[in-house]
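Take a look at the structure set out below.
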Amino acid sequence: MKILVCISNVPDTTTKVKFTDNNKQIDYAGVQWIINPWDELALTRAIELKEDSSNSFNEVCVINVGLSNCDATLRKALAIGADKAIRIDAEPLDAYFVAGQIADYLKNNPFDIVLSGIESSDYNGSSVGGMLSEFMDCPAISSMTKLDVENENIIIHRAIPGGKQILELKPPFVGIVQKGITNEPRIPAMRGIMMARKKPLDVVPAIELESLSHIVEFELPVAKVSCKMIDVDQLEELVDLLKSEAKVL
Amino acid sequence: MSVIAFAKNWEGKFKKSTFELVSYAKDLASRLNTETLILSIGEVDESELGKLAQYGADKIISAEDSRLNILSSRIYAEVISQVVNKEGASFVILSDNNSGKAISPRLSVKLKAGLAAAVLAVPKSLDPFVIQKRVFSGKAFAYVQIDSEKKILTLSKNSFGIVENSVSLNIERFTPELADDIFKIKVNSIENADDKVILADADIVVSAGRGMKAADNWQPVEDLASVLGAATACSRPVSDDGWRGHEEHVGQTGKVIAPNLYFAIGISGAIQHVAGVNRSKCIVAINTDPEAPIFSVADYGVVGDAMIVLPKLTEIIRSGE
Ligand SMILES: Cc1cc2nc3c(=O)[nH]c(=O)nc-3n(C[C@H](O)[C@H](O)[C@H](O)COP(=O)(O)OP(=O)(O)OC[C@H]3O[C@@H](n4cnc5c(N)ncnc54)[C@H](O)[C@@H]3O)c2cc1C
C-alpha cells in the first residue's frame, strides 16, 4: 500500500512577520524555509508505518504544489525517508487551487492513504486535506491523532473536544494529521541526506484551474500598551483588577 | 442571496459559540439586506431550536435523520449544500471549531465557493468581498478577497460577541436525500475525558510551562483551574516531554485559543507560544524572571515562584467567593 504526504513549504516558526510593497506582500528576505510542522509529523508516521514489516505499507511519496524554491524542502523530506517527491509546478494560489492540482495528479497516480497536516503554519487555512477528500469523493479523518494497523485493519484515533473517537476505515481516505500521531518529527541523518540526492523529484506541469480567493493586504496586530506589575505580596490587588478593571472574573 | 449559518449541536444542545455565530450571521445578512437562515443538523428539540430566534434567525431549518446524529464531515457537507442550493443562499458561515474546520473545505469544493477560514471581524467591504483573518497563527492578519459567487466563512470564537435580536420563531423541517454508501466510517468507540473543562470552549485557561519543573508539580495549577472553573493548558515542551497530554498544548503548533482570561505560568513567552494565545482578552503572567518576554504581551504580571504564588492566589479567589 502507498501513502502520499502533502507538504507545504512554510517560513520557520521563529520568523518575525514583516511586509513589503505597501503591506501587500510578506517580506521573505532572510526567511528560513521548513516543512510545515504537521506535515513533518505526518511524514514521520508514514515512514514508521513503511518500516514496520508487519503491515503492507511499502511506499511513501511526498507532493507539493509550488515553484522551484520548494525543492530544498522536498529534498529534506526525501532525506527524512520518503521514496519519491512530486512537485506540481505552479504558484500555490489558494487552498482550492492546491487541492485541485493534487486531486488531478491522483486521478492517474492513485494512493491508498493521503495525509495532510491539520493546517499550514503560514496561512492557517486548515483546508487542503478536506478539499482534497471532496475532490476525491472519499472519507476524510479530521484531527487524526493515531494511525495504526491491527490485524490488517486500519485503526484511527480522531481527537474530539474533551476526548477521542476510535475508528476503523478502509482506504482510500485522507487523514488530516494532528499532534500525537507520532512522538517527534524525524530529522534527516547524514546517510539520508546522501541518499536523497539520488531519489526522484518529479516536476509535473499544473492543470488549468482557477483560484477562489486571494489576499489583498496584510496587517500586524496592535502591540499591548504595557503590563501592570503586581507585587507578589499584593495578590489581592491582582484579583481585584481582574474583577473590576479587566472584568474577566 | 441569503446567509445560512450551520448551528452545530452537542447532544442536542447549542453552546455560546453557536449564539455568537447566529449573531454574526444576522449582522452580515443585515448588511446585505437579506435573510438569516440557520441550519441545524441532527435531533434537537423545539425549545432548544427556539433559542436561535433570540439572536435573529429569520428561519430555522432543522434537518433530522437518525443517521445524522453522529457528525461526519462528508455527510454534513452534503446536507448543507442541499440546503444552500434549495434556498439559493450566497453565504455559508460555520464556527471555526473542529467540525467547522472539517466541513467547510468539503463544502467549498461542492459549492465551488471560496473559503475564508478563521475570520475575525465583519467584512471590510462587501463588493468586492474582503474580510480579515488571522495568518501565521495570529502573528499577523490578512485581508482576503473571495472571488467566487458563493462564499464560505468560518468564524473565530470571541471575535464578534453575542448580540440579542429577537425575531419570531419560524422552524422548517428538511429531509435531505442521502445515498446509503456515503456512511462509510465505522466508529468503534468514543472515549471522553470526564468532567474536564474543554479547552476550546473555556472562558478562562490556566496554562503552565517548563517553569513548573516536573510533572508532579501540577497540583497548584489544577487547583487554580478548579477554583476558577477553568481549562488547563501547557506549553509545547511540557506536552512533548509527556508531563501533560498533547490536547493541552497551545501555540503555533498546538491549539490556538482566545479565552477571556489566560494565565501563563512558568512560560517564557516564546514567539511560537504567544502566537497561539495572543487573542486572549486578558493575559496574566507569573514568572520568576522579570525579563521574561511573556511580560511584554501580558496585561498583568507577577514576578515570583509559581509554587508559592499559585496556592496563595487560589486561596484568595476561593475565600472571595
Ligand atoms: C517549530 C516549532 C514550533 C513550536 N511551537 C510551539 C507551540 O506551539 N507552543 C509552545 O508553547 N512552544 C512552541 N515551540 C517551543 C518554543 O520555542 C519554546 O521553546 C517553548 O514555548 C518554551 O516553553 P516554556 O515557556 O514552557 O519553557 P521555557 O522557555 O524553558 O520557560 C520556562 C519559564 O519558566 C520560568 N520559571 C522557572 N521557574 C519558575 C518558577 N518556579 N515559577 C515561575 N516561573 C518559573 C522561567 O523564568 C522561564 O521563563 C515551538 C518551537 C519550534 C521550533
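Worth knowing before you read on, the calculation uses all heavy atoms, side chains too, and leaves out hydrogens, waters and symmetry mates. Throughout, protein chains are lettered first and strands after them, A, B, ... in sequence-line order, and every chain is numbered starting at 1. Everything numeric in this text was worked out from a predicted model, so none of it was measured.
Going from atom CE of A:Met131 over to atom CG of B:Leu115 covers 5.0 Å, rounded to the nearest 0.5 Å. Between the CG atom in A:Asn183 and the CG atom in B:Asp240 there is a gap of 9.0 Å [rounded to 0.5 Å]. One finds the OG atom of B:Ser189 at 7.0 Å from the NE2 atom of A:His157 (value rounded to the nearest 0.5 Å). Of the inter-residue distances, the one linking A:Ile230 atom CD1 with B:Tyr300 atom OH reads 7.0 Å to the nearest 0.5 angstrom. In this structure, A:Tyr123 OH and B:Ser137 OG are separated by 12.5 Å, a value rounded to the nearest 0.5 Å. Atom OG1 of A:Thr15 and atom CZ of B:Phe136 lie 7.5 Å apart (nearest 0.5 Å).
If you measure heavy-atom distances from B:Leu313 to chain A, the contacts under 4.5 Å come from both the backbone and the side chain. For B:Lys151, no part sits under 4.5 Å from any heavy atom of chain A, backbone or side chain. In this structure, no portion of B:Leu107 lies under 4.5 Å from any heavy atom of chain A. Only the side chain of A:Tyr96 comes within contact range of chain B, judged by heavy atoms closer than 4.5 Å. For chain B, no part of A:Thr145 is nearby; none of its heavy atoms comes within less than 4.5 Å. Looking at B:Val297, the atoms closer than 4.5 Å to chain A (heavy atoms on both sides) all sit in the backbone: N, CA, C or O. Only the backbone of A:Ala159 comes within contact range of chain B, with at least one heavy atom under 4.5 Å from a heavy atom of that chain. With a 4.5 angstrom heavy-atom cutoff, A:Pro37 touches chain B only via side-chain atoms. Within the 4.5 angstrom heavy-atom criterion, atoms from both the backbone and the side chain of A:Leu235 approach chain B. Contact of A:Asp137 with chain B is made through backbone and side chain together, with heavy-atom distances under 4.5 Å. No part of A:Glu184 comes within reach of chain B, as not one of its non-hydrogen atoms sits under 4.5 angstrom from that chain. For chain B, the nearby parts of A:Ile160 are the backbone and the side chain; heavy atoms of each come within less than 4.5 Å. Using a 4.5 Å cut-off between heavy atoms, A:Gln234 makes no contact with chain B at all. Heavy-atom distances place both the backbone and the side chain of B:Ala298 under 4.5 Å from chain A. Residue contact with chain B, scored on non-hydrogen atoms closer than 4.5 Å, involves the side chain of A:Val239 exclusively. Heavy atoms of B:Ile146 lying under 4.5 Å from chain A belong to its backbone as well as its side chain. Heavy-atom distances place no part of B:Ala231 under 4.5 Å from chain A, backbone and side chain included. For A:Lys170, no part lies near chain B; criterion is any non-hydrogen pair under 4.5 Å. Neither the backbone nor the side chain of B:Ala200 comes within contact range of chain A; no heavy atom of the residue lies under 4.5 Å from a heavy atom of that chain. Of the two parts of B:Arg134, the backbone and the side chain both hold a non-hydrogen atom closer than 4.5 Å to a non-hydrogen atom of chain A. Only the side chain of A:Phe19 has a heavy atom closer than 4.5 Å to any heavy atom of chain B. Only the side chain of A:Ile141 comes within contact range of chain B, judged by heavy atoms closer than 4.5 Å. Residue contact with chain A, scored on non-hydrogen atoms closer than 4.5 Å, involves the backbone and the side chain of B:Gln252 alike. No part of A:Leu132 comes within reach of chain B, as not one of its non-hydrogen atoms sits under 4.5 angstrom from that chain.
Taking the side chain as every heavy atom from C-beta outward, B:Asp147 and A:His214 approach each other to under 4.5 Å. Between A:Lys164 and B:Ile190 there is no side-chain heavy-atom pair separated by less than 4.5 Å. Here the side chains of A:Ser143 and B:Asn98 are in contact, with some heavy-atom distance below 4.5 Å. Within the 4.5 Å cutoff, side-chain heavy atoms of A:Trp38 are placed close to those of B:Thr253. You'll find the side chain of B:Leu261 reaches within 4.5 Å of the side chain of A:Leu249, heavy atoms only. In this structure, A:Pro161 and B:Asp201 have side chains that are not in contact, with every pair of non-hydrogen atoms separated by 4.5 Å or more. A heavy-atom distance below 4.5 Å is not found between the side chains of B:Val302 and A:Met229. When side chains are defined from C-beta on, A:Val232 counts as touching B:Val309, because their heavy atoms get closer than 4.5 Å.
A:Ser127 and B:Lys101 are not linked by any side-chain donor-acceptor pair at a separation below 3.5 angstrom, with hydrogens and angles left out of the test. Inspection of the A:Ser133 and B:Arg74 side chains reveals no N or O donor paired with an N or O acceptor under 3.5 Å.
When every heavy atom of A:Gly130 is checked against every heavy atom of B:Arg106, the shortest pair comes out as O-CG, 3.6 Å. Between B:Val144 and A:Ser213, the shortest heavy-atom contact is CG1-CB, 4.0 Å. When all heavy atoms of B:Lys139 and A:Thr14 are compared, the pair lying nearest together is NZ-C, 4.3 Å. The two residues A:Ser126 and B:Pro105 make their nearest non-hydrogen contact at O-CG, 3.7 Å. A pairwise comparison of heavy atoms in A:Ala140 and B:Ser73 identifies O-OG, 4.4 Å as the closest pair. Of all heavy-atom pairs between B:Ala117 and A:Asn124, the closest is CB-O, 4.2 Å.
Evaluation of the salt bridge (Lys or Arg N to Asp or Glu O under 4.0 Å) rule for A:Asp233 yields B:Lys312 as partners, not counting sequence neighbours.
Of all residues spanning residues 286-296 of chain B, those with a heavy atom less than 4.5 Å away from chain A's heavy atoms are B:Phe295, B:Ser296, arranged by number.
Of the listed residues (A:Glu168, A:Arg158, A:Gln165), the greatest number of heavy-atom pairs within a distance under 4.5 Å of chain B belongs to A:Glu168. Comparing A:Lys247, A:Gln178, A:Glu210 by heavy-atom pairs within less than 4.5 Å of chain B, the highest count is held by A:Glu210. In terms of heavy-atom pairs under 4.5 Å with chain B, the best-connected choice from A:Gly125, A:Ser120, A:Pro139, A:Ser142 is A:Pro139.
Of the candidates B:Lys255, B:His246, B:Glu247, B:His246 is the only one forming a side-chain contact (heavy atoms from CB on, under 4.5 Å) with A:Lys179.
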